Amino acid sequence: MGLKILVIGSGGREHVIAQKFMQSSLVDSVFCAKGNPGMKKDGIQLVDLKEDDHSGLIDFAEKKKIDWTFVGPEVPLLNGIVDDFKAAGQKIFGPDKAAAMIEGSKDFAKDLMNKYDIPTAGHQTFFDFDQAKAYVEEKGAPIVIKADGLAAGKGVVVAETVEEAADALHDMLEDNRFGESGAKVVVEDFLAGEEYSLLAFVRGEEVYPMTVAQDHKRVFEKDLGPNTGGMGAYSPVPQISEELISESIEKVLKPAAKGMVSDGCPFTGILYAGLIATADGPKVIEFNARFGDPETQVVLQRLESDLVQIIDDLLNERTPDIHWKTSGFSLGVVVAAEGYPGDYEKGIQLPEFSLLDGQRIYYAGVDEKAQQLVSSGGRVYLVEAEGDTLEEAQKKVYELLDSVDTAGTFYRHDIGSKALR
Ligand code: AMP
Ligand code: GLY
């Protein structure tokens, strides 16, 4: 009898995770709560339960005899879904509520980094607008303003001028634009350099790094416009050297995992470090307590080992054997509803794709109407392709996107181009 697995979440990240689970010979069935209708073509079974319905999800896991559950997004982790499942005797992979604070509070993450000498940007925390503004005026621009709590990747303003910084502080501290998340802000030094995402499977002090990826956070080409959840990604990243990756593992991932054990909140799950390659080496801009979206859609294509075996080993006190591809590239481009990350329309009809070998679609904000997929969210889907070179992967994605009608949606045309210059 194969394993029965439940995935929590509904986006493109959960689509690729559930698809990789489906491809494992160890698996009998994969359920996703609540998933999205675009996942059905891969045989993933949708469960109509919300992420915050912990007791409903536990009931489902008990009734269906789920072997273990995998949590995709940060919100259920911070709501303590891992604690609740464990209390009910259900196996679940992800950090508990206390450990998820590494993502849930920038202040918590900064304290950890300061305590364990993990390189990061200099910063100050503020609750008061006038004090924050005075600090920004003294420091000058560029400078970075971050809402302390979760803000779906949108609570960060990289201010080019002191006025822009003051406006962002006003939005967060005086106008409560991010509600509770913005009642406390972190003002951070601006770091210049290439950005990269380094993720790892973590169990207490054990760190198993993944292959590196680069996200594209800004909404428009040439990295212009506001920050988003991510508009596209590719992996690996040729401009990030093996040496820098090793340094990031030794100076960031390992001390973070070890520090959390020492502090009494050991982390088990996927630890994500958002890093900048500065002239002084790697520096952390954020930690996440989960897989990244859209990084996962490209990183997992690079995994040679069976993802189910890895998670099953980590949950059952065995040492996982993890191998990554050593040649080729994967690249993914997000297609978003016009207006995202601001207000956007819903119900846009999505094109039908005829996929060639090595091309894949991962659905995110989609719904079903008369058996047709229509948009229901800001990031609607991602087109991913593999190639022997990054150029080839990029070409395969854009050829596919250029061949269909994408009216009502938009995408960046320069994903991966930084590596090709
Ligand atoms: P975060 O949500 O913290 O990852 O920030 C979103 C984006 O803002 C990052 O991906 C960077 O592009 C940018 N950013 C955040 N912090 C800094 C920093 N200290 N210096 C320069 N850019 C930053
Ligand atoms: N792509 C960035 C994130 O998942 O936070």
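Atoms within each ligand, like the ligands themselves, are counted from 1 in listed order. Since the model is a prediction, treat every value here as computed from it, not as a measurement. Index from 1, following the sequence.
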Have [X] and [Y] got a donor and an acceptor in their side chains that come within less than 3.5 Å?
X: Ser248; Y: Tyr196; value: yes
X: Ser10; Y: Asn36; value: no
X: Glu194; Y: Gln239; value: yes
X: Asp52; Y: His54; value: no

What pairs of residues pass the salt bridge (charged side-chain N to carboxylate O under 4.0 Å, His left out) test when at least one of them lies in residues 324-353, not counting sequence neighbours? Lys325-Glu386

For [X], counting its heavy atoms only, list the atoms of ligand 1 lying under 4.0 Å from any of them.
X: Asp189; result: 18 (C), 19 (N), 20 (N)
X: Lys106; result: 3 (O)
X: Asn227; result: 6 (C), 7 (C), 8 (O)

[X] with [Y]: basic N within carboxylate O range, under 4.0 Å:
X: Lys217; Y: Asp223; result: no
X: Asp263; Y: Lys115; result: yes
X: Glu103; Y: Arg290; result: yes
X: Glu392; Y: Lys395; result: no

Part of [X] with heavy atoms under 4.0 Å of ligand 1, whether side chain, backbone, both or neither:
X: Val144; value: side chain
X: Asp215; value: neither
X: Leu191; value: both
X: Arg218; value: neither

What do you reckon, does Phe190 have a nitrogen or oxygen under 3.5 Å from a nitrogen or oxygen of ligand 1? no

Please verify whether a non-hydrogen atom of Lys283 lies at under 4.0 Å from ligand 1. no

Between ligand 1 and Asp223, can you find any atom pair, the residue atom being a heavy atom, that is separated by under 4.0 Å? no

If you take the centroid of each ring, where Trp contributes its six-membered ring, are Phe126 and Tyr135 closer together than 6.0 Å? yes

To atom 15 (C) of ligand 1, the nearest of Glu286, Lys146, His216 on a heavy-atom basis is Lys146

Report the member of Glu195, Glu188, Lys217 with the shortest heavy-atom distance to atom 11 (C) of ligand 1. Glu195

Partner residues of Arg13 under the salt bridge (charged side-chain N to carboxylate O under 4.0 Å, His left out) criterion, sequence neighbours left out: none

Within the 4.0 Å heavy-atom cut-off around ligand 2, the contacting residues, ordered by chain and number, are Asp215, Lys217, Gly229, Tyr272, Asn288, Arg290, Gly292, Asp293, Pro294, Glu295

Suppose we screen for side chain to side chain contact (heavy atoms under 4.5 Å, CB included). Which residues come up paired with Phe129, at least two apart in sequence or across chains? Lys133, Leu169, His170, Leu173, Glu174

